[in-house]
Amino acid sequence: MSIQQTDVLYTAVATAENGRDGRVATDDGKLDVVVNPPKEMGGSGAGTNPEQLFAAGYSACFQGALGVVARQEKADISGSTVTAKVGIGKNDDGFGIIVEIAAEIPNVDARTARDLLEKAHQVCPYSKATRGNITVTLL
């Protein structure tokens, strides 16, 4: 379900200069990075790239969703990590991305970890935003 503008609690603002070969910064100055295409795509690889930034945001958001679910399920996820791998490649109309989400949850058994992962995928705002648009695999 979509939210309305009146429901917004926070809005992040970032501006890019020169697209994939330039700079991106937030309006508050907390993020200011050089972006370059990776060497695998013919770039210098000197800076970060949009896929790394997306992976960072998705993994942090998913970890937060995992925390919400764990509290509801009374599961101990202390020491857990979430890793997002974001791949980019050519598709029928240009380029597309694909995502793999993996979690290490040391204090629960494999079945509980999988259940928590699947439930977090249902509540994570990044997962909701990408659902039906890109392939997201939970590992």
Side-chain angles (χ1 to χ4, degrees):
M1 177 187 291
S2 297
I3 65 170
Q4 302 300 313
Q5 188 62 38
T6 55
D7 299 321
V8 172
L9 301 174
Y10 168 76
T11 300
V13 179
T15 301
E17 297 171 5
N18 297 321
R20 289 182 161 272
D21 207 359
R23 174 180 163 260
V24 65
T26 55
D27 64 337
D28 62 5
K30 291 181 180 179
L31 178 73
D32 189 341
V33 294
V34 172
V35 289
N36 300 115
K39 289 182 180 182
E40 296 85 350
M41 293 180 67
S44 69
T48 190
N49 58 66
E51 291 70 39
Q52 288 176 326
L53 295 169
F54 187 73
Y58 203 159
S59 63
C61 187
F62 202 98
Q63 179 76 41
L66 185 62
V68 168
V69 170
R71 284 188 293 281
Q72 292 170 347
E73 301 289 321
K74 298 185 182 1
D76 179 7
I77 64 160
S78 59
S80 66
T81 61
V82 172
T83 301
K85 293 182 179 180
V86 177
I88 183 170
K90 291 187 178 186
N91 63 11
D92 293 340
D93 58 353
F95 286 86
I97 61 172
I98 188 168
V99 176
E100 291 181 352
I101 301 283
E104 293 290 329
I105 311 172
N107 298 321
V108 300
D109 61 60
R111 184 180 183 110
T112 301
R114 182 66 187 185
D115 183 56
L116 292 170
L117 196 64
E118 289 176 2
K119 288 179 179 177
H121 188 46
Q122 295 306 307
V123 300
C124 173
Y126 275 57
S127 293
K128 288 180 179 182
T130 60
R131 189 166 290 120
N133 298 309
I134 65 171
T135 299
V136 177
T137 303
L138 303 177
L139 301 175

Asks: Using 30° and 60° as the class boundaries, would you call the ring planes of Tyr58 and Phe62 parallel, tilted or perpendicular?
Replies: tilted
Asks: Are Leu66 and Leu116 packed together at the side-chain level, in the sense that at least one heavy-atom pair is separated by less than 4.5 angstrom?
Replies: yes
Asks: Indicate yes or no for a side-chain donor-acceptor contact from Arg23 to the backbone of Thr15 under 3.5 Å, with no hydrogens or angles considered.
Replies: no
Asks: Whether the side chain of Asn133 engages the backbone of Ala129 through a donor-acceptor N/O pair (distance < 3.5 Å, no angle test) should be reported.
Replies: yes
Asks: Between Arg114 and Leu138, is any pair of side-chain heavy atoms under 4.5 Å apart?
Replies: yes
Asks: More than 12 foreign heavy atoms under 6.0 Å from CD of Glu104: is that the case here?
Replies: no
Asks: Please check this pair: side chain of Gln63 against backbone of Val82, looking for a donor-acceptor N/O pair closer than 3.5 Å.
Replies: yes
Asks: Search all heavy atoms of Ala84 against all heavy atoms of Ile101 and return the closest pair with its distance.
Replies: CB-CD1, 3.8 Å
Asks: Would you please say whether a donor-acceptor pair under 3.5 Å links the side chains of Thr26 and Asp32?
Replies: no
Asks: How close do Gln52 and Gly47 get, heavy atom to heavy atom, and via which atoms?
Replies: OE1-O, 4.3 Å
Asks: Could you check whether Glu51 pairs with Lys85 (Lys NZ or Arg NE/NH1/NH2 to Asp/Glu carboxylate O, under 4.0 Å)?
Replies: no
Asks: With side chains defined as the heavy atoms from C-beta onward, is the minimum distance between Met41 and Ile88 less than 4.5 Å?
Replies: yes
Asks: Indicate the atoms forming the closest heavy-atom contact of Leu139 with Glu100, along with that distance.
Replies: CD1-OE1, 3.5 Å
Asks: So, Thr130 side chain and Tyr126 main chain: donor-acceptor pair closer than 3.5 Å or not?
Replies: yes
Asks: Between Val99 and Ile134, what is the shortest heavy-atom contact and its length?
Replies: CG2-CD1, 3.6 Å
Asks: When clusters are formed from ILVMFWY side-chain contacts under 4.5 Å, directly or step by step, what else is grouped with Val68?
Replies: none
Asks: So which atom in Pro106 and which in Ser78 form the shortest heavy-atom distance, rounded to 0.1 Å?
Replies: CG-O, 3.8 Å
Asks: Which heavy atom of Thr112 sits nearest a heavy atom of Asp109, and at what distance?
Replies: N-OD1, 2.7 Å
Asks: Please list, chain by chain and in numerical order, all residues satisfying side chain to side chain contact (heavy atoms under 4.5 Å, CB included) with Asp7, sequence neighbours excluded.
Replies: Ile3, Gln4
Asks: List the residues meeting side chain to side chain contact (heavy atoms under 4.5 Å, CB included) with Ala46, not counting sequence neighbours, and say none if there are none.
Replies: Asn36, Ser44
Asks: Kindly compute the distance separating CD1 (Ile77) from CD1 (Ile105), expressed to the nearest 0.5 Å.
Replies: 6.5 Å
Asks: Counting only heavy atoms not in Asp92, do more than 12 fall under 6.0 Å of its CG?
Replies: no
Asks: So does Lys119 pair up with Asp115, basic N to acidic O under 4.0 Å?
Replies: yes
